[in-house]
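Here's the structure we're looking at; comments come further down.
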Amino acid sequence: MKRLTIAAPAKINLILNVLGTRTDGYHELETIMHKIDLIDIIHVEATSEGITVESNSGLIPTGVDNLAYQAAALLMEYNGIKAGVNIFIEKNIPVGAGLAGGSSDAAAVLTALNRVFQLKLPDDRLQEMGAAVGSDVPFCLGSETALARGRGELLTPLDRGPKLDLLLVMPDFQVSTAEVYRAYKIKNNYQPADTAAFIKFWQSGDIINIANCISNDLETVSIPKHNEINHIKTDLRQAGAVNSLMSGSGPAVFGIFADQKTAINALDIMQKLYKRVYQVTSYYRE
Ligand code: ATP
């Protein structure tokens, strides 16, 4: 096999608890991550030498700064591969959105090159390399929904839950994940959102209660700075969402709807108010 095309889905955080700071400078997290069907398409092709990254998007780096490049370089170095690879990224996931677009591209490259070079690396080996590229990459390599702890790399997969009907709105600005975490302050008497209650509702497929459990501590940094995030959240609820939340470090915001019909109605309303609105659902492979 010389070339392969693979999907790289975005994720949203249904819960994101920031439990504290760590000695390594990262934050201790407890988060429920969920893949959605907003997808980058990654084409990889084995070549005689070197790594090149190209994209239809001018918004991402094409050289060593691209996470897909870093994933390829790591995998090829660890496995003594002398050949090269061309990577083309068809970018659909908004950049710098809190949707893990870069991490998902990196995960897709690890999976694709494992096949293209017939390495037969086990999942835990790919997970290790993924964690070295970025904290969200291990999740992107695994199950569609997971509880993640640590920096986000300690994963407990969750069973397949209900298919969520979502609208996603991307404001006109990006935020830096590192800056959001730097600005985060833990409050006295901090109470993390209840992941156990969420998991119970997830297992029973109770969409209304799932929506009522969603929570993101990083909103306390991003909303005071960017009031638009709050406007989007309110507009989504007024358009019919059961609840709405910023994803990850933002600024993308999603709304959870009781059913597809309500989501489609709301799409019409939200498209009149915002430029980048996406109707998406959960990403389930088959
Ligand atoms: P996360 O939620 O994992 O922090 P994000 O969704 O906030 O990620 P990304 O879209 O992954 O953010 O992009 C963050 C930065 O990473 C961008 O500003 C971009 O310069 C850089 N980057 C490197 N490689 C990629 C890639 N393949 N796709 C998108 N961004 C990339």
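Note that ligands are numbered from 1 as they come in the structure, with each ligand's atoms numbered from 1 the same way.
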Taking only heavy atoms of S103 into account, list the atoms of ligand 1 that are under 4.0 Å away from them. 3 (O)

For atom 7 (O) of ligand 1, closest protein heavy-atom neighbour: G98 N, 3.0 Å

Quick note on ligand 1: atoms under 4.0 Å from a heavy atom of D105 include exactly 26 (C), 27 (N), 28 (N)

Top protein contact for atom 13 (O) of ligand 1, by heavy-atom distance: G96 N, 3.6 Å

Over-ring placement of K11 relative to Y283, 6.0 Å and 45° cut-offs: no

What part of N66, side chain from CB on, backbone N/CA/C/O, both or neither, has a heavy atom under 4.0 Å from ligand 1? both

Note, Q127 side chain near F139 side chain (heavy atom, < 4.5 Å): no

Do me a favour and list the nearest non-hydrogen protein atom to atom 28 (N) of ligand 1 with residue, atom name and distance? K91 NZ, 3.0 Å

Just to be sure I read this right, does ligand 1 sit under 4.0 Å from the backbone of M33, its side chain, both, or neither, counting only heavy atoms? neither

With a 4.5 Å limit on heavy-atom distance, are the side chains of L167 and L267 in contact? yes

Is there a side-chain contact between I41 and I39 in this structure, where contact means two heavy atoms from C-beta onward sitting under 4.5 Å apart? yes

Any chance you could lay out the side chain to side chain contact (heavy atoms under 4.5 Å, CB included) test for E54 and I87, step after step, and finish with the verdict? CA-CA 6 Å; E54 294 173 289; I87 300 166; over 6 Å; no

May I ask you to test the M76-L113 pair for a side-chain heavy-atom distance under 4.5 Å? yes

So for ligand 1, is S249 a polar contact partner (N or O within less than 3.5 Å, distance only)? no

With the side chain counted from C-beta on, respond yes when L236 and F254 share a heavy-atom pair under 4.5 Å apart, and no when they do not. no

Given salt bridge (Lys or Arg N to Asp or Glu O under 4.0 Å), test D24 with R22 step by step and report yes or no. CA-CA 5 Å; D24 60 6; R22 301 155 44 116; 2.8 Å; yes

So for ligand 1, is I89 a polar contact partner (N or O within less than 3.5 Å, distance only)? no

For V95, which part has a heavy atom under 4.0 Å from ligand 1: side chain, backbone, both, or neither? both

Compare all side-chain heavy atoms of L121 with those of M129 and state whether any distance is below 4.5 angstrom. yes

N/O donor-acceptor pair under 3.5 Å between D40 side chain and N92 backbone: yes

Counting each atom of ligand 1 from 1 as listed, which ones have a heavy atom of G101 under 4.0 Å away? 6 (O), 11 (O)

Using a 4.0 Å cut-off to any heavy atom of L99, which atoms of ligand 1 qualify? 2 (O), 6 (O)

Write out the residue and atom name of the closest protein heavy atom to atom 30 (N) of ligand 1, then the distance separating them to 0.1 Å. I60 CG2, 3.6 Å

Would you say atom 15 (C) of ligand 1 touches the protein, meaning some protein heavy atom is under 4.0 Å from it? no

Salt bridge (Lys or Arg N to Asp or Glu O under 4.0 Å) between K82 and E49, worked out: CA-CA 7 Å; K82 300 278 181 286; E49 59 173 354; over 6 Å; no

Nearest-contact summary for atom 4 (O) of ligand 1 - protein heavy atom, Å: T177 OG1, 2.7 Å

Could you tell me the residue and atom name of the protein heavy atom closest to atom 26 (C) of ligand 1, and the distance to it rounded to 0.1 Å? G102 CA, 3.5 Å

Sub-3.5 Å N/O-N/O distance, V175 and ligand 1: no

Find out whether I256 and N243 are in side-chain contact, i.e. whether some heavy atom of one side chain is under 4.5 Å from a heavy atom of the other. no

Which residue owns the protein heavy atom closest to atom 20 (O) of ligand 1, what's the atom, and how far is it? P61 CD, 3.4 Å

Any atom of ligand 1 sitting under 4.0 Å from a heavy atom of G248? no

Does any part of the side chain of L141, heavy atoms only, come nearer than 4.5 Å to the side chain of D123, both counted from C-beta? no

Distance flag for atom 10 (O) of ligand 1, protein heavy atom under 4.0 Å: yes

Report, in ascending order of atom number, the atoms of ligand 1 lying under 4.0 Å from any heavy atom of D136. 1 (P), 2 (O), 3 (O)

Pull out every atom of ligand 1 sitting under 4.0 Å from any heavy atom of K11, numbered as shown with elements. 2 (O)

Would you tell me whether Y190 and D217 have side-chain atoms, one donor and one acceptor, within less than 3.5 Å of each other? yes

Counting non-hydrogen protein atoms only, what is the nearest one to atom 23 (C) of ligand 1? Give residue, atom name and distance. D65 O, 3.4 Å

